[in-house]
**Student:** 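This structure is in structure tokens; I'll ask about it shortly.
Lettering of chains follows the sequences in order, A, B, ..., and the numbering in each one begins at 1. These values consider heavy atoms only, across backbone and side chains, with no hydrogens, waters or symmetry-generated copies.
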Amino acid sequence: MTKFLFLGLLRDKQKSLFPIIIVSVGVVLTTWLYSWMLGVFNEVIEGNARFNNGHLKVTTIAYNEISSQIPNDLCLTEVDKLLETLRAEHKEYEWTPRIKFGGMIDVPDETGETRAQAPIIGFAADLRSEFSKENERLQISKALVKGKFPSQSNEIVISDVLADNLEINIGDVATLIGVSANGGMAIHNFVVSGTVQFGMTALDRGALIADIGDVQYAMDMENAAGEILGFLKNGMFNEELATSNKEIFNKNHSDAGDEFSPLMVTLLDQEGLGDYLIYAKSAGGIIVSIFVFAMSIVLWNTGLMSGIRRYGEVGVRLAMGETKGHIYKSMLVESVLIGLVGSFIGSMIGVAVSFYFQEYGIDISSTFKNSTLMVNDVIRAKVTAGSYYIGFIPGVLAMLFGTAISGIGIFRRQTATLFKELEV
Amino acid sequence: MTASELIVTKKLTKQYPIGGNFFTALREVDLCIDQCEFTGIVGPSGSGKTTLLNIIGALDAPTNGNAKVLGSEIGKMNHVEAAKLRNQYLGFIFQTYNLLPVYNVFENVEFPLLLQHIESSKRVDMVNKALEWVGLSEKAKSKPAQLSGGESQRVAIARAIVKQPKIVLADEPTANLDAQNSHHILKTMVTLNEELGTTFVFSTHDEKVISYLRRKIKLSDGEIVDDTIVN
Ligand SMILES: Nc1ncnc2c1ncn2[C@@H]1O[C@H](COP(=O)(O)OP(=O)(O)O)[C@@H](O)[C@H]1O
Ligand SMILES: [Mg+2]
């Protein structure tokens with residue numbers, strides 16, 4: 001009997017092929033959308049990691065408490081030793097020192113008098129070590145509007161908007177006026193080697209990037225740094241790995257009684273990013289749910305249509321002496337089968353499409369013509385374990401619900417009425 | 001009710017709700033059909049023939065009075081018992097054949113046997129025999145779409161008869177057939193009635209069918225107005 005019904009299902013393209021195609025299409029879209037949303041959220045997280053937080057960050061306990069004030073007087077000292085320790089004990093991560101600083105930029109005229117002045121926020125990173133990946137992370141070369149990468153001593157890049165406002169040209173001297181780590185005034189002459197577009201308003205209004213060696217010298221921070229960032233060597237942010245590394249480091253090296261001892265925090269511990277991730281996940285969940293719901297209606301409709309189409313068949317089977325319960329059950333089993341097959345096909349295609357978009361992404365830079373944003377201009381999907389099964393939810397459930405609901409019609413009707421529908 | 005009485009109705013009444021009112025399709029029908037009969041319920045369209053056959057076939061329940069088929073009272077059966085009665089003892093033939101289009105002739109005829117959980121080798125024998133009765137052995141592998149109307153109805157007869165039911169209910173079986181095919185299938189059914197002892201109950205207003213009947217029960221506006229045995 002089962003074999004008989006299964007054969008019928010296979011042969012009846014209206015009953016099998018078409019619903020499978022519809023389920024598959026819905027599942028492809030669901031899978032892709034899901035992977036895409038994950039990719040976008042991920043990009044926000046990774047962008048934040050590259051500019052500000054790393055996957056892991058080491059500061060002093062005191063610095064961490066008021067890190068938004070950029071308290072460089074509370075910076076890490078003996079950074080070379082600390083870096084050695086980190087590189088030895090936390091090998092999955094690449095470790096690099098950074099200094100954030102605030103101050104004024106002052107542009108002198110030929111006579112040395114101030115021509116223009118503006119407040120700035122500065123990023124100091126390791127731009128000149130042989131194996132440094134900071135250029136990639138901060139995407140300086142890519143975001144250059146004018147000039148070149150600051151490869152020479154005391155060279156910096158500044159935001160293009162700021163350069164325009166201050167009428168700075170490539171090769172001009174710009175003087176940083178800031179506060180040194182021990183509270184004194186720090187004055188240092190830099191040469192502007194290029195301008196960049198950050199793609200973030202706050203930074204485009206006034207930011208500069210300098211080499212950390214120059215800034216350490218300028219700010220009296222020899223062998224010191226505000227922060228040491230850790231980036232997972234192969235891959236994106238991994239919450240579990242980051243948390244376990246954090247716990248190990250803090251157990252071995254952090255001393256709650258000494259506010260100058262180092263403290264490791266993860267990306268999620270900082271600036272509400274953990275909240276963002278939770279929000280992003282639930283927003284993603286809501287969007288996917290809405291999509292799943294819409295798909296379910298389409299698929300339910302398919303189930304409904306095929307259910308109504310089958311009243312004739314149901315009438316014959318009843319006349320042959322099959323019970324309503326048995327017919328209903330066999331319809332449900334068929335719908336689950338179709339849902340599973342359609343979801344499987346759809347998930348495979350959906351995951352393949354998502355992998356493609358994970359690999360190649362969509363280049364949004366052409367959307368913002370002529371812009372050289374520092375944020376990634378390629379948005380990628382992200383395939384996770386969830387990508388493989390998310391589509392089964394609408395695929396199987398919608399088919400099942402649709403059939404269940406249309407099947408109730410068969411139960412509700414008087415047998416004789418069903419029968420009437422056999423008559424032409 | 002004696003052992004040979006297969007179908008007995010007493011004051012069988014069927015009303016359909018229409019608006020806030022009732023339409024009486026059958027009015028106090030008293031009827032008794034014995035084993036081996038070849039009987040027709042005859043009457044114009046709307047006289048209640050299908051309603052009567054549906055109740056006898058346990059597809060519908062009486063409003064008043066009762067109908068007993070093979071000793072079981074139709075009005076007191078649940079779905080499962082009614083299905084069992086149809087499965088074991090009743091065969092149906094419809095005006096529009098109602099073959100399942102995705103199955104071939106053999107499989108269509110095999111279907112009622114699958115419901116009875118009859119084992120495979122026995123099924124093959126029974127289906128082949130049924131196809132022989134209706135003269136369609138060569139068409140066993142054909143799909144319904146490839147058959148003529150007459151052939152389709154013969155497949156439907158084979159399907160109704162394959163499990164050798166006590167009663168075959170045929171609702172206007174010739175309505176869609178030409179004269180030649182009508183005579184052909186009627187002859188087939190007469191033979192089956194004689195050889196297997198199957199009771200046939202028709203609903204019809206087709207003169208060709210009427211000419212084969214051995215008993216004519218005339219229905220008019222839901223009432224039996226005449227009941228004649230033909231010699
Ligand atoms: N489900 C129903 N609801 C209301 N009226 C019905 C229903 N089924 C049949 N009838 C009415 O009952 C009468 C008898 O119908 P039916 O038994 O189909 O007649 P026949 O088969 O002799 O043409 C008709 O007038 C028909 O309109
Ligand atoms: Mg009728």
**Student:** Give a yes or no on whether the backbone of A:Phe4 and the side-chain of B:Tyr103 come within a donor-acceptor separation of less than 3.5 Å.
**Tutor:**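 Yes.
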**Student:** Answer yes or no: is there a side-chain heavy-atom contact under 4.5 Å between A:Thr323 and B:His79?
**Tutor:**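 A side-chain contact is absent here, since even the closest heavy-atom pair is not under 4.5 Å.
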**Student:** Is the number of heavy atoms from other residues, nucleotides or ligands under 6.0 Å of B:Phe38 CZ greater than 12?
**Tutor:**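 Atom CZ in B:Phe38 is crowded, with more than 12 foreign heavy atoms closer than 6.0 Å.
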**Student:** Please walk me through it: do A:Glu313 and B:Leu100 pass side-chain contact (heavy atoms from CB on, under 4.5 Å)?
**Tutor:** CA-CA 7 Å; A:Glu313 176 200 334; B:Leu100 299 174; 3.8 Å; yes
**Student:** Check whether more than 12 heavy atoms from other residues, nucleotides or ligands sit under 6.0 Å from atom CZ of A:Phe344, and answer yes or no.
**Tutor:**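 Not buried by this count: 12 neighbours or fewer within 6.0 Å.
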**Student:** Can you see which heavy atom on A:Val316 is nearest to which on B:Asn98, and at what distance?
**Tutor:**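 Heavy atoms of A:Val316 and B:Asn98 come nearest at CG2-O, 3.4 Å.
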**Student:** Set out, in order, the CA-CA distance, both residues' side-chain angles and the distance that settles side-chain contact (heavy atoms from CB on, under 4.5 Å) for A:His326 and B:Val80, then state yes or no.
**Tutor:** CA-CA 10 Å; A:His326 191 270; B:Val80 177; over 6 Å; no
**Student:** Shortest non-hydrogen contact from B:Leu114 to A:Met1?
**Tutor:**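 For B:Leu114 versus A:Met1, the nearest heavy atoms are CB-SD, 3.8 Å.
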**Student:** For B:Asp221, does the CG atom have more than 12 heavy-atom neighbours from other residues, nucleotides or ligands under 6.0 Å away?
**Tutor:**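 Result for CG/B:Asp221: open.
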**Student:** Side chain from CB out, backbone as N, CA, C, O: work out which of these in B:Asn78 comes under 4.5 Å of a heavy atom of chain A, or both, or neither.
**Tutor:**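 Contact with chain A involves no heavy atom of B:Asn78 at all.
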**Student:** Measure the spacing between CZ of B:Phe92 and CG of A:Leu318 and express it to the nearest 0.5 Å.
**Tutor:**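 That separation rounds to 10.0 Å.
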**Student:** Do B:Lys84 and A:Glu322 sit within salt-bridge range, that is, some charged N less than 4.0 Å from a carboxylate O?
**Tutor:**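 No, no charged N to carboxylate O under 4.0 Å.
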**Student:** If you draw a 6.0 Å radius around NZ in B:Lys129, do more than 12 non-hydrogen atoms from other residues or ligands fall strictly inside?
**Tutor:**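 It does not: B:Lys129 NZ has 12 such atoms or fewer within range.
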**Student:** Are B:Glu107 and A:Arg11 side-chain neighbours, meaning at least one heavy-atom pair lies under 4.5 Å?
**Tutor:**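 A side-chain contact under 4.5 Å exists here.
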**Student:** Above 12 or not: heavy atoms from other molecules or residues under 6.0 Å from NZ of B:Lys11?
**Tutor:**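 No.
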